[in-house]
Structures are given as structure tokens and as C-alpha cells.
Amino acid sequence: MMHERNLARSRSFVWVAAAAGTVHAGFSLYWALGGQWLLPTVGKWAVELSVEAPLEAGLALGVVAAGKLLGAGIPIGVAYGRVPWPRFWRAVAWAGGSLLVIYGGVNVVVSSAVLTGLIRPADGYDVEAMIGHAWLWDPLFLVWGAALVLWLWYSQRRRAPVSRAGSS
């Protein structure tokens, strides 16, 4: 019974992680194909790169989108036993999920601190990008990573405690 509950819970988390990763991948693909909506929330550098080197930016973002889609999809395959080398992919997911939690969490805190005036960059800052990082992209990374880690945690095989013969 407990294993079934943990399995259901873990699968819920893997789907949340997949949704967050797919949203990230979708925007990367959209920008790779030349879309501009919300691109300023990544940073002025991204807008400038899309104008100055659209082919290179598109190719790079296409690769990023593909990587994000794999990062979103492979855990689902692992969760349902459809992907070879599950131990390898679980190790990759532990590393990736942990990095996403750290990266997303730190960036949410720092960008929020800048927006509230707790941190004041000497050269100023890009307000649109800071809002994008504080309220959209980095919280999404944080959710993606946290959901991956929770999926991994709840889907672990737990061994029953070993009873010692002769102990009372």
C-alpha cells in the first residue's frame, strides 16, 4: 500500500517536472524559430543576439530546446520503465534536478533582491530581464528541479528493515 502511494505521488511529480521542462523547451524553440515574445525577459543580450546573428541564435536555441525536451521527457520514460539504463538516467536526473533547484533558487532570490532594492547593482540593471528571472524563468527552473528531486525521492526502492534472528 505504501509503495503504491509513493509510486502515484512520484509519477505526479515527474509529470510536473515534464510540464515545467516542456514550457522552457517550448519557449526556446519559439525563440529559435524567430519569435520575440518574452525574449526581453531573458535579457537585452538575447534580443540583440537574435537580431545580429539570427541563424546562430536559432541554431543554438534549437539545441537548447532539444536538450530541455530530453530533460523533460526521459524521466517520464524512466518512471514508466520505458527507457534503458534507468540507474544511469536517475543519476543524471539527481544531478540535473539538484542543479536546477540551486540555479533557479539562487537566481530567484538574487533577482528578487535586486527588484526590491536590497541589492543595488552599480551599473543599474535590465528591469524586464530581472522581472523575467525573478517571476518567470527561474521559478520555473526551481519547480522543474524540485519536482525531479521529489519524483526521485518518492520513487526510490526502499528496503524493508532486516530483522535479526534471536533479537527480542
Side-chain angles (χ1 to χ4, degrees), residues 1-43 45-46 49-50 53-112 129 132-163:
M1 176 88 165
M2 181 64 130
H3 176 69
E4 290 174 21
R5 219 173 331 153
N6 281 346
L7 182 61
R9 187 175 292 144
S10 75
R11 287 185 174 166
S12 296
F13 285 122
V14 79
W15 282 105
V16 169
T22 301
V23 168
H24 256 291
F27 273 96
S28 295
L29 182 59
Y30 168 74
W31 295 325
L33 297 173
Q36 295 290 308
W37 184 57
L38 292 179
L39 188 58
T41 64
V42 175
W45 65 269
L49 184 62
S50 74
L55 180 61
E56 293 85 351
L59 290 173
L61 284 165
V63 169
V64 167
K68 288 177 179 178
L69 276 175
L70 288 171
I74 290 173
I76 291 173
V78 172
Y80 288 89
R82 303 281 191 243
V83 176
W85 315 300
R87 289 179 60 160
F88 169 77
W89 291 116
R90 285 179 65 84
V92 169
W94 273 112
S98 299
L99 288 172
L100 286 169
V101 166
I102 293 166
Y103 178 82
V106 167
N107 282 332
V108 165
V109 169
V110 170
S111 54
S112 295
H133 286 282
W135 297 348
L136 183 57
W137 306 119
D138 295 321
L140 199 53
F141 276 132
L142 180 59
V143 166
W144 185 3
L148 270 178
V149 168
L150 288 167
W151 159 62
L152 291 162
W153 177 260
Y154 282 109
S155 64
Q156 292 180 93
R157 288 190 178 168
R158 292 184 170 62
R159 296 187 179 130
V162 177
S163 61

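Because the structure is predicted, anything quoted here is derived from the model rather than measured. Throughout, numbering of the chain's residues begins at 1 and tracks the sequence.
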Please report the shortest heavy-atom distance between [X] and [Y], naming the atom on each side.
X: Val83; Y: Val78; value: CG2-N, 3.7 Å
X: Val14; Y: Ile76; value: CG2-N, 3.9 Å
X: Val101; Y: Ala146; value: CG2-N, 3.3 Å
X: Trp144; Y: Ala17; value: CD1-O, 3.3 Å
X: Gly97; Y: Val149; value: C-CG2, 3.8 Å

Using side chain to side chain contact (heavy atoms under 4.5 Å, CB included) as the criterion, list what pairs up with [X], not counting sequence neighbours.
X: Ala46; answer: Leu39, Val42
X: Ala134; answer: Ser111, Ser112, Leu115
X: Glu56; answer: Ala53
X: Val92; answer: Phe88, Trp89

- Query: Say you draw a straight line from CZ of Phe13 to CG of Leu148; how long is it, rounded to the nearest 0.5 Å?
  - Reply: 11.5 Å
Give the table of side-chain donor-acceptor pairs shorter than 3.5 Å for residues 58-72, with sequence neighbours excluded, one pair per line with atom names and distance.
residue	atom	partner	partner atom	Å
Lys68	NZ	His24	ND1	3.4
Lys68	NZ	Ser28	OG	3.0

- Task: With sequence neighbours left out, write down each residue that passes ring pair (Phe, Tyr, Trp, His ring centres under 6.0 Å) with Trp37, or none if nothing qualifies.
- Result: Phe27
- Got a sec, which residues hit ring pair (Phe, Tyr, Trp, His ring centres under 6.0 Å) with Tyr103, two or more places apart in sequence or on another chain? Phe141
Partner set under side chain to side chain donor-acceptor pair (under 3.5 Å) for [X], not counting sequence neighbours:
X: Trp15; result: Tyr80
X: Trp137; result: Thr41
X: Ser50; result: Gln36

- Message: For Arg11 and Leu7: C-alpha separation, side-chain torsions, deciding distance, then whether side chain to side chain contact (heavy atoms under 4.5 Å, CB included) applies.
- Response: CA-CA 6 Å; Arg11 287 185 174 166; Leu7 182 61; 3.9 Å; yes
- Is the charged tip of Arg90 near the ring of Trp151: under 6.0 Å from the six-membered ring centre and within 45° of its axis? yes
- Item | Check: Asp138 and Val110 side chains under 4.5 Å, non-hydrogen atoms | no
